[in-house]
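As structure tokens, the structure follows; a few thoughts come after it.
No hydrogens, no waters, no symmetry mates; every other heavy atom, side chains included, goes into these values. All values reported here derive from a predicted model rather than from experimental measurement. Here is the naming used below: chain letters follow the sequence lines, and residue numbers restart at 1 for every chain.
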Protein chains: 4
Amino acid sequence: MRSAPGGRPRDEKLHRAILQTTYDLVLQVGFRAVSVESIAATAGVSKATIYRRWPNKAAVVMDAFTDRVGSGSLFPKAQSATESIRLQMRAMARSFRGDDGALVRALLAEAQFDPELARAFRERWTMPRRKLGIAVVEEAIRQGEMSADIDPADVIDILYGPIYYRLQMGTGALSNAYVDRIFRRAMKGLGGKDRASRDCPP
Amino acid sequence: MRSAPGGRPRDEKLHRAILQTTYDLVLQVGFRAVSVESIAATAGVSKATIYRRWPNKAAVVMDAFTDRVGSGSLFPKAQSATESIRLQMRAMARSFRGDDGALVRALLAEAQFDPELARAFRERWTMPRRKLGIAVVEEAIRQGEMSADIDPADVIDILYGPIYYRLQMGTGALSNAYVDRIFRRAMKGLGGKDRASRDCPP
Amino acid sequence: MRSAPGGRPRDEKLHRAILQTTYDLVLQVGFRAVSVESIAATAGVSKATIYRRWPNKAAVVMDAFTDRVGSGSLFPKAQSATESIRLQMRAMARSFRGDDGALVRALLAEAQFDPELARAFRERWTMPRRKLGIAVVEEAIRQGEMSADIDPADVIDILYGPIYYRLQMGTGALSNAYVDRIFRRAMKGLGGKDRASRDCPP
Amino acid sequence: MRSAPGGRPRDEKLHRAILQTTYDLVLQVGFRAVSVESIAATAGVSKATIYRRWPNKAAVVMDAFTDRVGSGSLFPKAQSATESIRLQMRAMARSFRGDDGALVRALLAEAQFDPELARAFRERWTMPRRKLGIAVVEEAIRQGEMSADIDPADVIDILYGPIYYRLQMGTGALSNAYVDRIFRRAMKGLGGKDRASRDCPP
DNA sequence: ACCTAAGCGAGACGGTACGTCTGGTCTTGGC
DNA sequence: GCCAAGACCAGACGTACCGTCTCGCTTAGGT
């Protein structure tokens with residue numbers, strides 16, 4: 001078994017510089033207006049260096065983004081699991097109101113045209129968050145805060161679907177009030193007075 | 001006010017031919033791969049003719065799409081208002097599984113980069129459906145099928161958010177089963193024990 | 001029978017501007033250092049406009065060159081046909097000492113790597129001159145100034161071959177004295193005193 | 001004389017391997033299509049190793065070429081000095097019809113853009129051959145086969161100029177017949193009537 | 001029956017970015 | 001200290017679309 005055959009290693013400083021530049025550029029002028037050429041020029045790097053490391057602009061931006069946001073401790077401690085979820089929803093909405101919102105919108109949009117990016121977005125943004133969320137939901141179920149007969153993944157969809165929906169549709173602000181309303185309503189259910197008789201078709 | 005001094009009127013056949021060609025092309029090769037040039041060439045029309053009528057590709061595709069789907073009779077008759085909503089959710093999921101899904105994904109994605117398209121998408125796709133949906137929700141409330149203290153718009157977000165979420169995230173299939181699960185769970189609420197006894201007695 | 005189907009005609013001013021710019025650039029910085037990009041930038045023209053009209057840099061330079069030199073009245077009037085040839089050889093040598101020399105060297109060199117350019121060079125530079133030269137040689141033969149049993153094409157090769165040779169090899173200056181020497185010697189023949197007996201192998 | 005101060009000596013095997021690879025590659029795909037990278041890759045050598053030994057591609061090819069052809073025994077023995085020249089012209093034409101022709105064309109062409117290569121080509125190809133040729137011409141003059149009042153260098157130009165001319169212009173094949181015609185005509189001179197009676201009596 | 005404004009096809013144009021390629025230099029770690 | 005490997009900067013390549021424009025031709029209305 002012979003050792004690796006040599007060759008100059010990639011320059012990690014460059015990596016960081018490119019991602020930083022990319023992040024800044026995207027926020028300044030928007031995803032569409034950023035080009036690989038502008039990233040290269042701004043970062044003082046040749047285009048080839050970028051294409052050696054990423055297949056296209058979207059991949060660079062994806063990296064620049066996930067480098068930033070990480071996948072860290074997302075669910076704040078709270079009195080209960082459900083309360084932790086509510087706070088996390090608020091935190092996500094808040095971040096969507098800022099720079100992250102623009103990036104998530106752009107990346108999620110671009111992913112609709114680029115299967116590889118879609119995969120990356122799912123693996124590096126969506127799924128880590130879903131997994132954390134599902135764990136908290138399971139805890140909530142264990143604590144009896146949520147029904148036992150529930151699929152945790154559905155809970156995530158019901159609670160977070162509306163947030164992404166507003167982010168993209170622009171039907172209204174992603175305010176804390178909105179988040180709280182959605183949360184409360186989803187917890188209580190939409191059904192009316194005598195709902196028991198109706199919402200359980202045989 | 002002077003009268004129009006003559007001039008040749010727009011050719012309506014062309015309009016239809018262009019939209020038809022556009023629709024077909026987008027389905028064949030995808031939104032990204034379609035260019036105004038390819039539409040013009042395929043439709044046997046000059047680029048100028050297209051740019052005389054639409055500001056850019058997205059607008060043409062938007063027209064081609066809404067021309068097709070209309071905003072017609074969306075909520076099927078059913079035993080109850082809530083049941084009508086459920087059936088409509090199923091219908092939307094079904095259409096999202098087909099060609100419409102690809103188009104809605106592409107248009108919604110593109111709209112993230114194009115405020116004008118975003119406006120058009122909202123006005124011609126999102127809002128008509130929301131309005132119909134809200135009306136049905138209001139009817140449901142009147143009938144006591146849904147709580148009186150609810151914002152109908154939130155109901156729409158909670159029920160449809162998850163559908164768009166899956167459409168774009170690709171976290172799972174938009175099956176009827178999924179739709180039913182989301183619907184039932186949203187109606188019942190996510191909350192646990194203390195309400196479980198009322199929800200679905202064995 | 002309908003007329004040509006329209007379309008915007010090429011802008012002739014642009015054509016001239018591009019060729020002029022190209023010519024100037026090549027003389028300033030040399031063939032190799034000129035790029036299509038620099039031509040476009042200097043001429044205030046987009047790259048696409050150049051590529052719409054020529055397949056590559058060499059073709060532009062070829063055009064720029066032949067546009068300049070034309071294929072005009074090359075053989076000056078003189079007392080005799082042979083004298084006309086000598087004067088033309090001097091004229092060519094003189095032009096090779098100037099800008100044309102650099103261009104002919106570059107184009108002939110580039111043509112060694114580009115069959116299409118080679119064809120163009122032959123058709124637009126070499127052959128027109130050869131044809132004129134051959135006609136004058138034929139006149140010389142008619143006038144008894146040159147042997148009757150001679151292939152005029154060989155005469156051109158013998159007289160002009162050395163000029164191109166010096167142009168490219170750099171073995172010496174293309175002076176009038178050199179041209180005259182080559183001309184006189186070629187006319188008289190290389191053979192010595194008793195050459196008749198030797199240079200006609202049976 | 002100081003001893004070598006340590007350090008690893010250059011690997012001569014590598015040198016030969018690189019030149020061999022280069023030669024083969026150039027013949028296979030042509031001078032233009034060969035890059036230093038392709039030579040390095042094919043020879044299993046790093047680019048740096050090549051750039052450590054030669055300044056650029058042309059220099060490598062130049063070496064690969066002269067390594068092959070040498071400057072060896074060029075003028076065959078013959079009955080007379082002039083006949084030796086004729087046979088050498090044939091030999092050169094034959095070699096130009098083969099692989100060497102392609103290489104000489106490419107190198108001479110490239111030399112038009114690269115003064116250093118031009119110098120090398122002159123010193124290692126052109127001048128050795130010219131010197132040998134001039135010596136033979138001087139011998140021919142001593143033997144009375146050529147005029148005494150002649151510059152041997154001009155003889156070389158007149159006889160070999162046409163061969164290079166055809167090699168590059170592509171105005172016709174470099175056949176033995178062509179060579180013989182040029183040789184005979186140059187020996188006899190192009191001039192007409194008054195000398196015709198002396199030249200080749202029937 | 002004109003007349004005239006506009007529609008139309010064709011396609012040239014200035015721009016801009018793409019992703020690829022090569023040239024020549026430099027760096028790392030093994031031998 | 002040479003080597004293979006290969007990262008790096010620089011910058012041209014030729015292509016593809018964009019959205020605008022100009023050119024002549026055609027075609028309906030208004031008079």
Given R124(D) and D63(D), is the salt bridge (charged side-chain N to carboxylate O under 4.0 Å, His left out) satisfied, shown in steps? CA-CA 9 Å; R124(D) 292 159 66 181; D63(D) 257 27; 2.4 Å; yes

Nearest-Å distance, [atom1] ([X]) to [atom2] ([N])?
X      : N       : atom1 : atom2 : result
I50(B) : dG19(F) : CD1   : C1'   : 12 Å
W54(D) : dG23(E) : CH2   : C1'   : 17 Å
L14(B) : dA6(E)  : CG    : C1'   : 14 Å
Y51(C) : dC18(E) : OH    : P     : 18 Å
H15(A) : dC8(F)  : NE2   : C1'   : 15 Å

Starting the side chain at C-beta, find the nucleotide from [options] nearest to [X].
X      : options                  : result
S46(D) : dC9(F), dA5(F), dG19(F)  : dA5(F)
N56(B) : dG11(E), dC9(F), dG19(F) : dG19(F)
R10(C) : dA5(F), dA12(E), dC8(E)  : dA12(E)

Spell out yes or no: do the side chain of K47(C) and the base of dG15(E) have one donor N/O and one acceptor N/O closer than 3.5 Å? no

Is there a donor and acceptor pair closer than 3.5 Å between the side chain of R8(C) and the base of dA12(E)? yes

Is D100(D) paired with R68(D) through a side-chain N to carboxylate O contact shorter than 4.0 Å? no

Any ion pair linking E110(D) and R32(C) (charged N to carboxylate O, less than 4.0 Å)? yes

Can a side chain N or O of [X] be found less than 4.0 Å away from OP1 or OP2 on [N]?
X      : N       : value
T49(C) : dG14(E) : yes
R52(D) : dC3(F)  : yes
R53(A) : dC8(F)  : yes

Using a 4.0 Å cut-off on heavy atoms, which residues in residues 17-39 of chain C reach DNA chain F? List them by number, or say none. S35(C), V36(C), E37(C)

Does any residue of residues 107-119 of chain C have a heavy atom under 4.0 Å from DNA chain F, and if so, which ones, in number order? none

Walking DNA chain F from its 5' end, the first of G44(D) and D11(A) to be reached, judged by nearest nucleotide, is G44(D)

Student check: side-chain heavy atoms of V61(B) and V34(B) closer than 4.5 Å: no

Output yes when a side-chain donor or acceptor of T42(D) lies under 3.5 Å from a complementary backbone atom of S38(D), and no otherwise. yes

Main chain of M169(A), side chain of R122(B): is a donor-acceptor contact present, judged purely on distance under 3.5 Å? yes

Does either side chain, that of H15(B) or that of R10(B), offer a donor lying less than 3.5 Å from an acceptor on the other one? no

Under 3.5 Å, is there a donor-acceptor pair linking the side chains of D24(D) and Q28(D)? no

Taking the six-membered ring where the residue is Trp, are the ring centres of F31(B) and F113(A) under 6.0 Å apart? yes

Please enumerate all residues that pass salt bridge (charged side-chain N to carboxylate O under 4.0 Å, His left out) together with D114(A), with sequence neighbours excluded. none

Please classify the nucleic acid contact of A40(B) as base, sugar-phosphate, or nothing, using heavy-atom distances under 4.0 Å. nothing

